[in-house]
Each structure stands twice: as structure tokens, then as C-alpha cells.
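Pasting a structure below so you can have a look.
First the proteins, then the strands, lettered A, B, ... as listed; each starts at 1. A quick note: this is a predicted structure, and the numbers were derived from the prediction, not measured.
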There are 2 protein chains.
Amino acid sequence: MRSDAPSPAAPKTAADRPTLKTIADLSGFAVATVSRALAEDPKIAVATRRRVAEIARQIGYEPDRAARRLRTGRTMVINLILDPHFEVLGFGNALLIGLTTALEGSGYNLVVTPHFDDTDQLAPIRHIVVNRQADGVIFTRTAPFDSRVRFLMEHGFPFVSHGRTDFTEEHSWVDFDNEDFAYRGTLRLIEKGCRNVCAILPPRTLTFRQHLQYGFMRAVREFGVDTLVPESITLDTPADEIRDWACGILDGPNRPDGFLCPGEASYLAIRSACQKRGLVIGRDLRVVSKSISGVISQIDPDADTIQEDVEQAGRLMAQHLLTTLSEPSVRAPMTLQSAKPLFE
Amino acid sequence: MRSDAPSPAAPKTAADRPTLKTIADLSGFAVATVSRALAEDPKIAVATRRRVAEIARQIGYEPDRAARRLRTGRTMVINLILDPHFEVLGFGNALLIGLTTALEGSGYNLVVTPHFDDTDQLAPIRHIVVNRQADGVIFTRTAPFDSRVRFLMEHGFPFVSHGRTDFTEEHSWVDFDNEDFAYRGTLRLIEKGCRNVCAILPPRTLTFRQHLQYGFMRAVREFGVDTLVPESITLDTPADEIRDWACGILDGPNRPDGFLCPGEASYLAIRSACQKRGLVIGRDLRVVSKSISGVISQIDPDADTIQEDVEQAGRLMAQHLLTTLSEPSVRAPMTLQSAKPLFE
DNA sequence: GAAAAAAATTGAATCGTTATAACAACGCAA
DNA sequence: TTGCGTTGTTATAACGATTCAATTTTTTTC
């Protein structure tokens, strides 16, 4: 390593990064004093604190994350578990933007971990908890009795889930009011004259299927219209499969005249099927869809959509987690995002 | 916090996380020996290495990141700079998936940092370099004389950019062959009979504008067709502005009969304008677009698109960075992703 | 069988921070 | 003078890994 043998200049970056020792030497105080002064310890004289803070500011001191983490055990890391369905149009992006903006300036880093093996959802989380890789965890697509939630609660590990559970013990979550979305969306379909409405729902494993179903059923019961809830088709079904299925349905004897799509992908699939069958949405049948990225209204300007603000969800989740981390005793923060009124 | 007052059992998780000391005690070797054994130091007897490795495996030992980082200076972190235009449909997601999959099992963590202040692109990177927050950096939307690239090269800090620069000194990058895309896309338009083609280009600040322009101009010169390259409208222009502009153009005296859209958003905007003017893509005019998320072919099954594999770009960038990190002496890896042939 | 060489192991220092406990220096009461 | 609180400051010991420079053990050589 005789890299700087010939060249005299070129000071290696960050080789001379300031530490507490630097400030100690500069100020004349001991390292311990400097540390406590920067921590605003009341046992340190106010004059000293000011002096030290000033020097720290001048030389651009920033505490070493590794040293801190080693000493205190706090990682200053929040881990987002990226799951296989993250790729749903816009959802992941929006969430990420929300998370990072809310975390900005908090001192916490967001690390993103994938988990593509659906069979063992717990693995990445167990790894994080057991090996202390983060101070808190964030994940999506929560199940009624989610194994991740159970594990994290058992271990007293801070987390915020996107979506609720059916556990009795409280935990922090952020969720979109899917029941209200489904209720109002269905009402809308009925109001427009639909008498046979179809809802594409998430897989049975996910909690928000229940919510959507409740809202949907509540609306259809009130008005006594016919329904169709496919068994084999869910929000996670590949687009072309949904499309083909919808084509079949549209050809059938009693075809639905209204569709409720709790996701953009399913809307596009239905739309695709209509195209194939020469049907026009808004004339031959009605569709109400959730809107996340905004593509839908760009494609079909007068599509009936209800906006889910995923970026806000991200911000909320980050804020909730920060709260939980700073004051663990407080009640777990929970937020239900309301479905904004339909655009008319 | 008197949670475990009554219960005697309940071993606090990870409180007894195994360290080198644990293995040392269990095996009878010294901590130093264990450390070197796990590092497969040839000066340690093979039998010892095996013995130590076996114990480590049994008790599930995993080295402490903070301790390692403090001692060696290696953070084992790769930082992705999330920029304001990350939200472009699908791009960010795909990149993230690619990055995380390629990083899986490498020991590197991916931390995501936002940078919404377009005025100082350098700030987040300077912070990372000066404060040793990561071992390598990844970013997108590269400029011909990108300040980030210059800074990182000056400091000898490992990075991979998405997009090339005009610097003479080599550095690692991954880029889509936009020139070829533009060339072939334009040829396609001409082949379909277009005689007045319009290209929406990225802002002048970005390198890939040049590439697209070259390809575009090469094709139009070969066949001597008319062109329109808007000054005020770029890929970054908000969708509704592009739409309104396009409406104006379509109303004008010599309206283009072909559009080249190097992004999904611009395609949708053009499409939107056509809808407004009652024009049909594929009949009244032609559009060739880049496809990233796949929405386009879902909306318009017979749209002319050329696929950019962003997920692969992510994987490549991660691999390149890993290579650079493990053998810094090797020539900086660079990859030009070829535009796949048009689907016909 | 002793000296030299090679092989294997280890003690101690170090990275930058924080927490504990000890230590000065001071005034003030007894 | 002795003793006792205050009030600030500091020495020291961790946290868990790596690495240099010994040190011990084994093998080889004469």
C-alpha cells in the first residue's frame, strides 16, 4: 500500500474524519466530557456545552454510526421488507417515497430487504430480530393472523404493518379503509344502474379481503342486487388470466354489468377483456376502480376511481415507527386512511 | 417497563447473541484464532478451521456488522440515491427489485436515500463519501459531465451510474442502448409510412438525450423525412402539459404522423391527446414507444413497443458494483443493454 | 539429542462511542 | 481545622471484531 509514495498532495478523503478525540484535543476537554456535552447532559456546564457544540459544528463532526451501534446496540436502521407483490403498479414506489421522505433527517437509514420466497415469510424478519439488524421493521400485505406480527409482538420488536390483523393485542399499523372503498364503490355501481355486480378480491390469506368483502356485501344487501365473486380469480392473478376469465364471464348467460376493482392491475385486465369483446366501459357496463399511480384516469379520463394515497401511507408508517421507537411506552399508533370521495 | 418482573423464564431475544468469544469458550481456542479460522486464514490448521466452522454453524454465529465496520472501515452498505424522477411508472420498482435480488446473499445491505432537492445533486453523495456511510453508490439519470461522477472519481469512491458520461476517464455504468432504440423505432415509423415524425426527448441535461437524438437523426436522414423535436416539451414534462401541447400540434397545419416516445408516460400523454382529437393510433398516426412496466401493451395490445429491461439493469449495476468492490484493480465494468427487436 | 526452522496459536492493541464510577475543586456548616 | 455536599470533569472499561507482534508447539536438521 505505497499509494501515496510519489504524490505528496491528495489528502485521502475521510481519512482524517473528525472524532470525539479531535474535538477533545481542540477544546482541551476530555473525550468523555465532549461526548456528554454533545448529548446535552445537564451535569456538564452550559458554557462547556456551547463551546463543544460550536467546535463540532465548525469541523463538521458527525458521530460514527458503527461505534455508536456497537456501544449502544441501536442500529439506527429501519428495515423495509420488500415482498413479491411489491411490483404492483406504483404501490411500491409511492410507499418508498413516503417512507424515505418521512425518515429524512431522523438519523435513521432505510434498508430494503427482498423476500421472494413466499413459503417462509418469517425468515427475513427472524434474521433481522435475532441478529439485531435493525431497530424496527415495516412490511405489507398483512394476514388476519400474520406470523410476522405474532413473531414481532412476542419478541417485543418495534414494527408497523400495512394492513390490520385479527389479533386481540394491539399493534401499530396503517391501513386504507377498504371496507368504505368497497361500500361506496359498489353503491356507485348500483346508482349507475348495475344490477349484477362483480368484485375481484385479494387472496383469502390477506386481511383486507375481508374488509373489501364486508363493504361490498353491505352495499349489495341494502339494494338486493345480484353478485359475482370469483373463486379462482384474485387481485394477484396474472393480468392475462384475469382478462381471459373476464372474457368468459362476459360471454356467459348472466354477465355482470358492474365491476369493482380494488387495484389498477385488475381494472386494466377487465378493460382489456371489454376491448376484446367490443364492450365499452361506461356504456355497456360500469367499472369502479381503486387508483394508486394515476394511470387509469390518464387512460380513461372519465373512469370512476377512488384514490388510495400510498405515499401518505408510507409517511404515516415511518412516523408511527419513529414514535414507537422514541417512546415505547405510548400506545401503538394506528391510522386508517379514509377513502376520498368519488370524483364526479 | 416491568414486563418480565413476574415471569422468570422468557430469555430476552438476541441478548445472548453468540460472538467470537462464545465460540472461543466452546472450542477452547483463543478469540484471535477463531477469528482467523473463520476467515480461512491458511496459517490456521485445517482441522482447527473445520472445528471452529462447525461450532459456528451449530450455534448460528453471525459476525456483528457494527464491530466489523468499526474495525475494518467497511460498511457493507450500498447506497441507492433515489431521485425525484424515480416515480416514473415502474422504473424505480424494477430497478429496486433487480438491485436487491442481485445483492441477496452478498452480505451487502441496500440503503435507499432520497434526494428531492434538484439544485444540489451532490449533497447526499458528498455526505456518504465524507462520512463513510457506504462502500459504494448507485444513481440514475446521468449527465454528460455529471458532478456526482466527477466527485466520486476524484475521491476514488466506488459507484455505478445508470447512464453514461462524456468524461474521458472510464467508470462503471449500465445503460440502455437508446440510440439503437431511437434508430429502430424511427425506422419503424418510416416503414409504416410516416413522413413527418416527432420525438419527445429527455431534458438537455441528461446524457441519454444525445443518444436518442443521434439515433433519431440517423434514421430520418437516411430517408429524408420531416421531423419535429419540441423545445419546451421533454420526457420530464408533466403528463397533462405534454397532452395539451400534443393537442395543439395535432391541430396544427403540418401535424406529425409519427411519434417516438422514449418512455411510457409520454406515450400515455400522446395517446391521451389523440383521444381528445378523435384520432386513432395505428390508423391516423403511428407511435413507437419504449416499454418498461408493460402497461402499454396491456392497454393497447398492438402498440409498437421496444422493451427496456430495467430489472436486469438493476441486477447488472449491483453485480458491477460488487465486482468493483471485490477487485478494485480490474477495469470498471460497463454494460450497454441492447434494445430488443421490435415485436411484429 | 540439541539447535534451528516451520507451523500453529495467542495476547494485546485498536476502531469511536457511551456509561459507570471516581476524582478534583469549591464553598459552607460545624 | 475537619468534614460534607455541590458542581464539573475525567479515567477507565466496555461493545465485538481484526491484526500485529509475539509466543508456544511441533517438526526438521545436523
Side-chain angles (χ1 to χ4, degrees), chain A residues 1 12-53 55-56 59-77 107 109 130-133 135, chain B residues 12 14-53 55-56 59-77 107 109 130-133 135:
Chain A
M1 281 286 181
K12 263 293 192 259
T13 298
D16 46 356
R17 195 158 102 80
T19 72
L20 288 181
K21 178 105 186 0
T22 318
I23 303 181
D25 292 348
L26 252 42
S27 64
F29 291 109
V31 172
T33 313
V34 175
S35 172
R36 313 181 69 161
L38 287 174
E40 286 295 331
D41 185 329
K43 309 214 84 176
I44 299 295
V46 189
T48 307
R49 286 187 241 167
R50 270 208 296 272
R51 175 99 186 285
V52 168
I55 298 183
I59 63 177
Y61 167 78
E62 185 146 338
D64 184 283
R65 301 192 122 238
R68 254 205 183 147
R69 175 168 171 176
L70 178 58
R71 181 65 237 247
T72 66
R74 302 192 68 191
T75 64
M76 296 306 277
V77 161
N109 276 352
V130 171
N131 296 104
R132 279 229 203 303
Q133 303 284 17
D135 295 336
Chain B
K12 262 295 191 261
D16 46 355
R17 197 158 98 81
T19 73
L20 287 183
K21 179 104 185 3
T22 318
I23 304 181
D25 292 348
L26 250 43
S27 66
F29 291 110
V31 171
T33 312
V34 175
S35 172
R36 312 181 74 154
L38 287 173
E40 286 295 329
D41 185 329
K43 309 213 86 177
I44 299 296
V46 188
T48 307
R49 286 187 240 166
R50 270 208 296 274
R51 174 98 186 286
V52 168
I55 298 182
I59 64 175
Y61 167 77
E62 186 147 335
D64 184 283
R65 300 191 123 239
R68 251 204 186 146
R69 175 168 172 176
L70 178 58
R71 178 65 235 247
T72 65
R74 301 191 70 191
T75 65
M76 297 306 277
V77 161
N109 275 353
V130 171
N131 295 104
R132 279 228 200 307
Q133 302 284 17
D135 295 335

Please report the closest heavy-atom contact between B:G60 and B:P18, naming both atoms and the distance.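 Minimum heavy-atom contact is O-CG, 4.1 Å.
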Would you find a donor on one side and an acceptor on the other, under 3.5 Å apart, between the side chain of A:T72 and the backbone of A:R68?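 Checked: pair present.
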Between the main-chain N or O of A:Q133 and the side-chain N or O of A:N131, is there a donor-acceptor pair closer than 3.5 Å?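 No; zero donor-acceptor contacts below 3.5 Å.
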Candidates D:dT9, D:dA11, C:dT17 - which lies nearest the side chain of A:A32: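 Nearest to the side-chain atoms of A:A32, counting from C-beta on, is D:dA11.
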What I want to find out is whether B:D25 reaches B:K21 closely enough, with some N-O distance under 4.0 Å, to be called a salt bridge.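 Answer for the salt bridge query: yes.
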Do B:I23 and B:L38 make a side-chain contact, defined as non-hydrogen atoms from C-beta onward lying under 4.5 Å apart?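 A side-chain contact exists here, since the closest heavy-atom pair is under 4.5 Å.
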Among residues 42-49 of chain A, which contact DNA chain C at a heavy-atom distance under 4.0 Å?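 Result for residues 42-49 of chain A: none.
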Can you check the A:R69 CZ to D:dA17 P distance for me, whole Å?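 One finds 12 Å between P of D:dA17 and CZ of A:R69, rounded.
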Produce the list of close N/O pairs, under 3.5 Å, pairing protein atoms with atoms of nucleotides 22-26 of chain D; give distances to one decimal.
none

Within this structure, what is the CD-to-C1' distance between B:E62 and D:dA17, rounded to whole angstrom?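 Between C1' of D:dA17 and CD of B:E62: 14 Å.
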Would you check if the side chain of A:S35 reaches a backbone N or O of A:V31 as a donor-acceptor pair within less than 3.5 Å?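 Not confirmed, A:S35 side chain does not pair with A:V31 backbone.
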Is the phosphate of D:dG16, meaning OP1 or OP2, less than 4.0 Å from a side-chain N or O of B:R68?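 So the side-chain polar atoms of B:R68 never come under 4.0 Å of the phosphate oxygens OP1 or OP2 of D:dG16.
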So, under a plain 3.5 Å distance rule, would you say the side chain of A:R36 forms a donor-acceptor pair with the base of C:dT17?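 No, the side chain and the base share no sub-3.5 Å donor-acceptor pair.
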How many Å lie between CG on B:D64 and P on C:dT14, as a whole number?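 Atom-to-atom, B:D64 to C:dT14, this comes out as 21 Å.
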By nearest nucleotide on DNA chain C, pick out whichever of B:F29 and B:T72 is the more 5' one.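 Its nearest nucleotide lies further toward 5', so the answer is B:F29.
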Quickly work out the A:R65 CZ to D:dC15 P distance and round it to whole Å.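 About 22 Å, once rounded to whole Å.
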Measure the distance from CG on B:D41 to P on C:dT9 and round it to the nearest whole Å.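 In whole Å, C:dT9 P and B:D41 CG are 11 Å from each other.
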Do the side chain of B:D135 and the main chain of B:T75 share a donor and acceptor less than 3.5 angstrom apart?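 Side chain of B:D135 to backbone of B:T75, a donor-acceptor pair under 3.5 Å: yes, one is there.
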Just call it for A:A67: base, sugar-phosphate, or nothing, with non-hydrogen atoms closer than 4.0 Å on any strand.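 Base contact.
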Whole-Å distance between D:dG16 P and B:D25 CG?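 The answer, rounded to whole Å, is 13 Å.
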Heavy atoms from C-beta onward define the side chain here; which of C:dG11, D:dT10, D:dT18 lies closest to that of A:A30?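 Closest of the options to the side chain of A:A30: D:dT10.
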Can you name the closest pair of heavy atoms from A:F29 and A:V34 and give their distance?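 Shortest heavy-atom contact: CB-CG2, 4.2 Å.
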So, does A:R17 use its side chain to make a donor-acceptor pair with the main chain of B:V130 at under 3.5 Å?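 Judged by distance alone, no pair lies under 3.5 Å.
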Specify the separation, in whole Å, of atom CZ of B:R71 and atom P of C:dA12.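 Checked: the CZ to P distance equals 16 Å.
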Is any side-chain N of the basic residue among B:R132 and A:D64 closer than 4.0 Å to the acidic one's carboxylate O?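 No.
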Just to be sure I understand the rule, does A:T19 reach a base, reach only the sugar-phosphate, or reach nothing, if contact means heavy atoms closer than 4.0 Å?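 A:T19: backbone/sugar contact only, no base atoms under 4.0 Å.
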Just N and O in the side chain of B:S35: are any of them under 4.0 Å from OP1 or OP2 of D:dA17?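 So the side chain of B:S35 is outside the cut-off, no N or O lying under 4.0 Å from OP1 or OP2 of D:dA17.
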Can you measure A:D16 atom CG to C:dC15 atom P for me and round it to whole angstrom units?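 One finds 14 Å between P of C:dC15 and CG of A:D16, rounded.
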